[in-house]
Structures are given as structure tokens and as C-alpha cells.
Amino acid sequence: MIDYPRRDRDGWGRWVPSWKLVSGLCVGFFGSLLVAAGIAYAMVGVPVVAETAKAQNNVYYWSDGSQMVATGGERNRQIINLSQIPKAMQNAVISQENKTFYEDSGIDPKGIARAVFNMARGGDTQGGSTITQQYVKNAMLDDQSQTISRKVKEILVSIKVGAEEPKDEILEGYLNSAYYGRGAYGIQAAARAYFNEDAVDLNPGQCAFLAAVLKGATYYDPAGATSIDTAATPEANKKRARNQMQDTLDKMVEYGHLSQAERAKYPDLPKVQNPRSNTQLGGQIGYMVDLAKSSLIKNDIVTQDQLEQGGYSIYTTFDKKKVEELESAVTKVYKANIKPEERPKTDTHVQFGGASVDPATGAIKAIYGGADATKHFTNNADVTGAQVGSTFKPFVLAAAMKWGVRDPDLGEVQAQDERTVVSPKSLYSGKNNLKIKNYDGTVWQNEKGEEWLQENDGKASLGDPPDYKIDLREAMRESVNSAFVQLGMDVGLDKVKEAAVDSGLLDSSLTGTTYPSFSIGISDPSAIRMAGSYATFAASGKQREPFSVTKVASKDGTIYTHKATTKQAFTAKVADNVTDVLKTVVDDGTGSAAQLPGRDVAGKTGTTDGNKSAWFVGYTPQLSTAVSMFRYPDDESIKNRTFLEMYGTGDQDKIHGASFPAEIWHDYMEDALKGQPAKKFPTPEPIGEVINDTPPPSPTPSPSQTQETTPSPSPTPSQTPTSPSPTPTETCGVFEWNCGEGENGGNETSGNDVGGANGGQSPSPSASESGEDSSGGGNGNGNGQGGTIWGASG
């Protein structure tokens with residue numbers, strides 16, 4: 001026998017526990033864990049599908065504390081037996097989600113391990129799940145918190161369900177409890193919500209589509225969900241849903257659940273019906289609820305799943321009286337002027353959007369999203385793709401007053417003290433077809449050597465001949481394109497963009513910054529953002545994010561209170577001078593239809609390329625409001641939907657910001673401000689120097705680049721523009737010349753060189769801090785002498 005040496009019990013060894021003690025402790029520890037797990041296992045119950053239908057409503061309140069609507073927690077569900085659920089639906093979810101469903105134990109050990117690891121790191125507790133685990137998660141409506149204790153409970157219930165419940169009952173429970181979007185819980189409700197059919201009558205293509213929607217209706221419902229995420233456009237969702245549907249059908253064939261011949265019958269998405277049916281959300285209510293919900297979700301106040309469970313009191317900024325007044329103003333103008341039955345070619349698909357923001361807080365007081373949220377699903381106060389035209393010019397002026405124009409003798413990038421801040425009395429050329437130049441006096445050219453001639457409204461030259469000099473106040477009053485396009489080039493389009501973003505516009509909504517036309521509104525911010533950005537001028541340069549929710553409460557008390565943050569976007573001197581110039585527009589310019597007797601009003605009109613959208617954005621010291629008008633078909637079955645021209649709409653030769661948008665603005669603001677004192681705008685301090693835009697002579701260009709010739713027709717899309725360049729033509733479009741936008745004495749013409757009027761949206765999930773809107777851009781194109789300049793955004 002080997003004689004092992006004894007440890008020195010009088011030294012360090014006495015502090016080291018024996019192996020028997022360690023073993024005993026381990027056995028005791030793990031034994032206690034097993035006992036605890038056994039007790040926990042015994043205590044958890046198997047979920048009952050019928051009980052999962054319980055949920056609370058969310059209650060939304062007006063700004064005065066009165067109830068707006070109770071919605072969001074209602075359960076659209078009818079439980080049916082597995083025999084009433086098509087085999088194709090059963091096989092679709094099994095093939096896509098859990099192909100070993102009938103063989104496995106009901107839990108996914110790897111997914112559980114991943115969830116435990118994430119929990120240990122403090123991350124998301126969710127992990128990969130089997131159908132059994134998903135069913136249990138759906139059924140545990142009493143607790144949807146992302147906590148360790150809930151996840152452990154979910155695992156224990158899943159183990160018990162997998163061990164004790166027949167697989168068919170689990171599958172039946174899952175399909176009857178899953179959320180398919182559109183308020184539909186369970187396969188029968190989903191079949192009705194998307195196809196208006198009973199579940200038993202669904203074909204394999206419809207079943208594969210609904211299996212795709214189970215991945216998340218926000219990103220797979222063909223109707224889109226841009227209020228939640230700007231990436232969830234109808235187009236993007238359709239593509240995702242189709243790809244997922246086709247993948248599911250392929251897997252069904254691979255696993256022997258569907259014949260190839262049957263699978264070949266479903267190459268495209270099935271036709272689905274319109275999404276919203278809750279009559280409580282009719283009128284403007286649905287648009288406001290969507291804005292509030294998207295704000296909460298985007299700002300991580302509550303999750304979409306938590307909102308679906310209900311039980312929240314959501315206090316909004318919306319003023320009931322102002323919402324009604326804005327809707328009334330739009331309805332009045334529409335009924336009096338828009339006659340689609342009499343003039344179907346010009347008056348169909350006419351839409352309006354509007355938003356009203358409090359400059360003192362950023363609170364969104366009113367919106368107009370469309371005629372009815374249950375029939376028209378895009379919120380016209382939010383993302384539409386309608387471009388803003390000359391309502392963008394104030395940002396050019398603000399940039400020129402903040403940064404100043406560049407010294408033509410210095411480099412392209414110049415510090416603020418190297419520049420010259422402009423005065424409203426600064427002189428710029430109002431000449432029609434002005435040849436646009438760089439800040440240093442050289443002729444602007446694109447990469448092909450093509451130049452830019454800027455057209456004014458009605459091809460009119462404004463100002464004193466022969467140079468047609470006009471000061472910036474007058475140029476803003478008459479909305480002279482040539483003056484502001486050249487001013488933007490002198491300041492730098494990067495600084496113009498900076499001014500727009502500082503005022504409150506989203507970077508994602510701005511497009512075409514490499515082309516001179518950027519300064520005349522080829523971008524497509526929302527009405528909410530335009531009202532908010534003009535509110536920055538109304539507040540003497542203080543910018544506050546537009547927001548729609550003031551407070552959220554649950555059974556646990558108040559969980560969120562809005563805290564306003566104020567940024568000094570511009571000095572009071574800059575902002576008040578911009579306001580003073582915009583006041584001239586209303587007092588004696590293109591915005592005169594917006595005058596409110598006895599009140600100070602500042603604002604700007606805007607019309608875009610091809611007369612495809614028109615705006616009026618204006619403000620008093622107490623309220624800033626934006627109104628847009630455009631024609632865009634609601635019918636998603638129309639392929640390649642685009643914004644339509646408004647020549648002849650409302651029996652007008654053309655629609656401009658000074659017409660119906662300004663009329664709506666006037667009628668609404670007159671009512672909205674009743675009873676409020678008539679405040680005056682601050683008297684601005686003098687600013688800047690009087691600039692006389694007479695740049696040094698540019699180098700003599702080569703004839704191939706600048707020689708002007710007799711008029712020639714615009715090239716067709718198949719032609720390549722060549723030099724010498726033709727002179728301007730009457731029209732402005734994708735493959736046409738010399739586009740400009742402007743208004744003159746209330747008779748606006750357009751010239752924004754943008755195909756983006758077709759309403760493309762940003763594919764990236766960019767959103768505002770408050771989640772109110774995130775507008776994307778469409779394809780933009782600027783047209784210059786000698787050829788067409790293409791740009792893209794979004």
C-alpha cells in the first residue's frame with residue numbers, strides 16, 4: 001500500500017476542504033436545483049388556448065385629457081379545430097419553422113442555451129424556438145416581459161407541454177394563438193383579415209403566405225407599415241413576403257408535403273384585401289393612433305408586442321378642436337372644387353396632407369392624414385414622397401445669413417470668418433434661364449460638361465434690366481428661382497442642407513445635394529417636419545423635435561413622460577430676419593391668400609415639377625402649419641404608381657401653393673387661433689452686408705460646352721445629349737431641359753428636376769427622435785443645358 005504523506009493540518013492545508021466535503025456540497029447544490037426544478041415543473045400549468053384571448057385595450061387621450069379612443073387590445077379570434085385548418089397550413093408552418101415537430105421533444109436545447117447566454121450578458125432573452133415553445137410564448141399573455149424568470153417559466157411550460165400534450169393539440173393551439181398582423185389572432189381571423197375567407201378554404205399559396213406573415217406582420221404584410229419602420233414600405237414588404245412564401249412552398253415540396261405540380265400554381269403573392277377594418281379608427285383617429293404608436297415603438301418606450309397586449313394609457317398632444325378644424329378646412333375646399341365625377345381626368349386621386357405644430361414645445365397639435373384612415377392607409381401628414389418645391393427656399397436664406405457666401409478668391413471650403421453674411425437687401429440676378437455658376441464665378445457643369453440654365457415661373461425675368469438685379473426680399477416675395485439657385489451655389493449646398501437639418505428636417509428626406517436644383521425643393525420632407533422646421537423660425541431659432549405623446553401609464557404607474565429638448569439651430573438674429581422676409585411673402589407676395597387680418601403671418605408657397613405637388617407652409621408666433629396637395633392613386637393594383645400632374649385639377653389651369661393649400665391654411669388657422677391674442681413677430685436686428693452678385697468673368701469656355709444655338713427639341717430617353725446644347729423647351733421632365741420651380745405673383749410654375757415625385761421611400765429605417773416621420777426620397781433628376789442630370793435618393 002502506498003503511504004501518502006499527511007497534509008499539515010497546522011498549516012495552509014487545514015483551510016482546504018476535503019474532496020468528500022466538496023463532493024457533498026456539489027451533490028447537495030445540484031440536488032437542491034433538481035428539487036427546485038421539480039417543484040417548479042409541478043407548479044406550472046399547461047396553457048388553455050381559449051384563455052389566451054384575454055387582453056386589454058390601450059386608451060388614447062386628447063391633449064385635454066378626454067378619451068380619444070380605446071383600441072389595440074381587442075382580440076379578433078375564433079378558435080377552430082385542427083380538422084378545419086388546411087393540411088397545407090399545418091405543413092407550411094412545420095416546413096418553415098420546425099420540420100422535426102412531430103419527432104422532437106418540444107424544446108430547442110441550442111436555442112435555450114443561446115437564450116441563457118444572452119441573459120448572462122444582459123442581452124435579449126429570446127432564443128430559437130420550436131413550434132411548442134412559440135405556442136407557449138403566445139399563450140403566456142399574462143407575462144410578456146423579457147426577464148430571466150419569465151424565460152425559465154416558458155422553458156418549464158414548454159417541457160411539460162411537449163411531454164404531456166399530443167402534437168396535434170400543440171399545433172392546433174399554436175395556429176389558433178399566433179398573431180398574423182391586422183389585429184388577427186389565430187388562423188381563422190387571419191384568413192378573414194387577409195382574404196375574407198374561412199380558414200378551411202385556404203389554398204396552399206395563401207397558407208404559405210400566412211406562414212410568412214408569422215415572421216412579423218410589420219415586414220411581411222403587403223400593405224406596409226411605414227409608421228413603424230420606414231423600411232416596411234408596401235413594395236419592400238411585398239418582396240419579402242413573396243420571397244418567404246416561395247421559400248416555404250419549396251420546402252413543402254422538399255419535405256414531401258406538396259407536389260411540384262401543385263406548387264407551380266402559386267408563383268406570385270395571393271391578392272389580399274385592405275388592412276384596416278376597425279371603425280373606431282375612422283376619420284383622423286387611425287392616423288393619430290398610428291403616429292403615437294410608432295413614436296412609442298421607435299423610441300423604445302414600449303414594444304409592439306407589449307402594445308398588442310394592451311393595458312396602456314397614452315396621452316397625446318392632439319388638440320381635438322384643431323384636428324376637427326383642419327379636417328373641416330380640407331373637406332370644405334375639396335367639396336367646393338374637386339369633382340372627380342365631372343372631371344375624371346383631372347380630379348381623381350386628389351389628396352391633401354397637413355400638420356400643425358406648437359413652436360413653443362414641438363407638440364403636434366393637429367394632423368390631416370387623408371379622408372379616412374380605414375380607407376386611405378398612407379398618412380399624408382407623414383411619409384408621402386410629395387416634394388416641397390419653393391417652401392425650401394427659406395433654408396437657403398437661413399444658410400446665407402448664418403454662414404454667408406464664399407469668397408470667390410479662396411478655396412471651396414471656407415471658415416465662417418472668411419465668408420460674407422448676406423442682408424435681405426443683397427442683390428442677385430432674377431434673369432430667366434440664368435446660367436448658374438460656381439461660387440468662384442466659373443460655370444457650373446456636371447461630369448459630362450453640361451451646364452445649367454435656371455428657368456423662372458412663366459419664363460419671366462424679374463429685377464432691373466439689363467442685369468435683372470433683385471434683392472433677396474423681393475426674390476423671396478416673388479419666388480424667383482434663379483436668384484435662390486445661385487445663392488445656394490455661393491453659400492454651398494452642404495450649408496443649405498445643414499440649415500435644413502438644423503431646422504428640423506430629416507437628413508433621410510433630403511436629396512440631390514450635388515445639383516443646383518437642391519435649393520428649390522427637390523426633397524420630400526413630410527408635412528409634420530415642414531411644420532416643425534418653420535416652427536424653428538417662429539421660435540427665434542429654437543428647434544424642438546415634433547412629438548405626439550406626452551405621457552404613458554400602465555398598471556405600474558407612469559412609465560414615460562416627454563421631456564422637451566431645445567437646440568439653438570439659428571441665432572435669433574438669423575431666424576427673425578428669415579421670418580421678416582417670409583412675412584413679406586404673405587403681406588404682399590405669392591402667399592397673400594394666407595393673410596389673417598390683425599395677425600402677423602409668415603410663410604412660403606411651393607409647387608413642384610410637372611405640377612405634381614403644391615404646398616403652403618406658414619406660421620404665426622403661436623402655431624406653425626404645413627398643407628400639401630398632390631394626386632396619387634390609392635389603388636395598389638395600379639402598376640408603377642406615380643404622382644400625377646394637376647393641370648386642370650379643380651378647374652384651375654394649374655395648382656400652386658397660393659391656391660388651394662393656402663386657402664386651407666387660411667381657413668384652418670383662422671379657426672385654430674380664435675380667442676388667442678394676436679402676437680407680433682420680433683423686430684429683427686439688422687444683419688449682413690449688401691452683396692451685389694457680380695462674379696468675375698469666367699474663363700472662355702470651349703464651344704462644345706457653352707455655345708448656344710437655335711432652339712431644338714428635347715432628346716428622347718434613347719438619345720444621348722450632345723453639345724452644343726439646345727435652349728430651354730416648354731416642358732420639364734425626366735429627359736427634358738432646364739427645369740426650375742418658382743412662383744410669380746401667385747401663378748406658380750414648377751421646375752424641380754425630380755423624378756422623385758414618383759414617391760420613392762427610404763429603404764433604411766431612419767426615424768425621428770420622436771418617431772413621427774421619416775420620409776424617403778424618390779429618384780431625382782436635374783436637367784441642365786446640354787443634357788439630363790440624374791440623381792437618386794432614398
Side-chain angles (χ1 to χ4, degrees), residues 53-77 179 181-185 189 193 217-218 223 225-228 274-299 301-328 330-331 353-356 363-382 528 546-555 558-562 770-773:
K54 297 177 181 178
Q56 303 177 67
N57 279 324
N58 297 313
V59 182
Y60 294 81
Y61 296 91
W62 295 101
S63 59
D64 64 1
S66 61
Q67 183 172 317
M68 178 195 300
V69 66
T71 184
E74 62 271 7
R75 284 293 176 266
N76 175 18
R77 174 187 288 152
Y179 181 59
R182 302 190 176 189
Y185 285 79
T218 295
T226 52
S227 64
I228 302 297
N274 291 332
R276 203 192 304 268
S277 59
N278 187 344
T279 56
Q280 292 186 87
L281 299 176
Q284 302 306 304
I285 300 295
Y287 302 124
M288 291 184 287
V289 167
D290 283 350
L291 277 179
K293 285 172 59 177
S294 67
S295 173
L296 299 178
I297 294 168
K298 289 178 179 180
N299 289 292
I301 298 166
V302 295
T303 67
Q304 189 166 8
D305 285 345
Q306 288 170 332
L307 279 175
E308 291 295 341
Q309 304 313 317
Y312 293 95
S313 295
I314 300 164
Y315 296 83
T316 76
T317 61
F318 302 118
D319 183 311
K320 183 178 181 180
K321 183 171 177 289
K322 286 182 173 62
V323 170
E324 291 173 348
E325 288 165 344
L326 182 54
E327 184 174 34
S328 176
V330 173
T331 303
S356 204
I364 304 172
K365 307 304 291 184
I367 63 168
Y368 181 83
D372 189 329
T374 64
K375 299 174 182 177
H376 170 72
F377 309 116
T378 298
N379 185 351
N380 292 346
D382 199 1
I528 290 171
F547 70 101
S548 60
V549 176
T550 59
K551 184 176 71 172
V552 179
S554 69
K555 60 181 176 60
T558 299
I559 63 172
Y560 168 77
T561 301
H562 175 77
S770 62
E772 303 311 334
D773 88 289

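For the numbers below, each heavy atom of this structure counts, side chains included, while hydrogens, waters and symmetry mates do not.
- For Y179, the side-chain hydrogen bond (donor to acceptor under 3.5 Å, both in side chains) test picks out E308, with sequence neighbours left out.
- In this structure the side chain of V552 never reaches within 4.5 angstrom of the side chain of T558, judged on heavy atoms.
- Y560 is linked by a ring pair (Phe, Tyr, Trp, His ring centres under 6.0 Å) to nothing, counting only residues two or more places apart in sequence or in another chain.
- A donor-acceptor pair is defined here as one N or O able to donate and one able to accept, closer than 3.5 Å; no such pair exists between the side chain of N57 and the backbone of V59.
- A search for side-chain hydrogen bond (donor to acceptor under 3.5 Å, both in side chains) contacts involving E324 returns nothing, not counting sequence neighbours.
- Inter-residue side-chain proximity for S66 and Y61 is flagged as unmet; no heavy-atom pair is nearer than 4.5 Å.
- Nearest heavy-atom pair across G370 and N380 is CA-ND2, 4.1 Å.
- Residues forming a side-chain hydrogen bond (donor to acceptor under 3.5 Å, both in side chains) with K320 (at least two apart in sequence, or on another chain): none.
- Scanning for side-chain hydrogen bond (donor to acceptor under 3.5 Å, both in side chains) contacts around S313 gives an empty result, with sequence neighbours left out.
- Partners of V302 according to the side chain to side chain contact (heavy atoms under 4.5 Å, CB included) rule, which considers only residues two or more places apart in sequence or in another chain, are L296, Q306, L307, Y312, I559.
- Taking 4.5 Å as the limit, some side-chain heavy atom of F547 sits within range of a side-chain heavy atom of T317.
- For P546 against I528, the heavy-atom pair with the smallest separation is CB-CG2, 3.9 Å.
- The side chain to side chain contact (heavy atoms under 4.5 Å, CB included) check on E327 picks up Q284, T331, Y368, with sequence neighbours excluded.
- Residues Q304 and T218 are in side-chain contact: their nearest non-hydrogen atoms beyond the backbone lie under 4.5 Å apart.
- I367 has its side chain within reach of L291: a pair of non-hydrogen atoms, C-beta onward, lies under 4.5 Å apart.
- Side chain of T550 to backbone of Y315: a donor-acceptor contact under 3.5 angstrom is found.
- T303 and D305 form no side-chain donor-acceptor contact under 3.5 Å, judged by distance and modelled atom types alone.
- By the 4.5 Å heavy-atom criterion applied to side chains, Y60 and N58 are counted as neighbours.
- When the salt bridge (charged side-chain N to carboxylate O under 4.0 Å, His left out) test is applied to K551, no partner is found at least two apart in sequence or on another chain.
- With sequence neighbours excluded, the residues that form a side chain to side chain contact (heavy atoms under 4.5 Å, CB included) with I285 are W62, M68, V69, L281, M288, V289.
- Residues satisfying the side chain to side chain contact (heavy atoms under 4.5 Å, CB included) test with D319, not counting sequence neighbours, are S63, K321, K322, K365.
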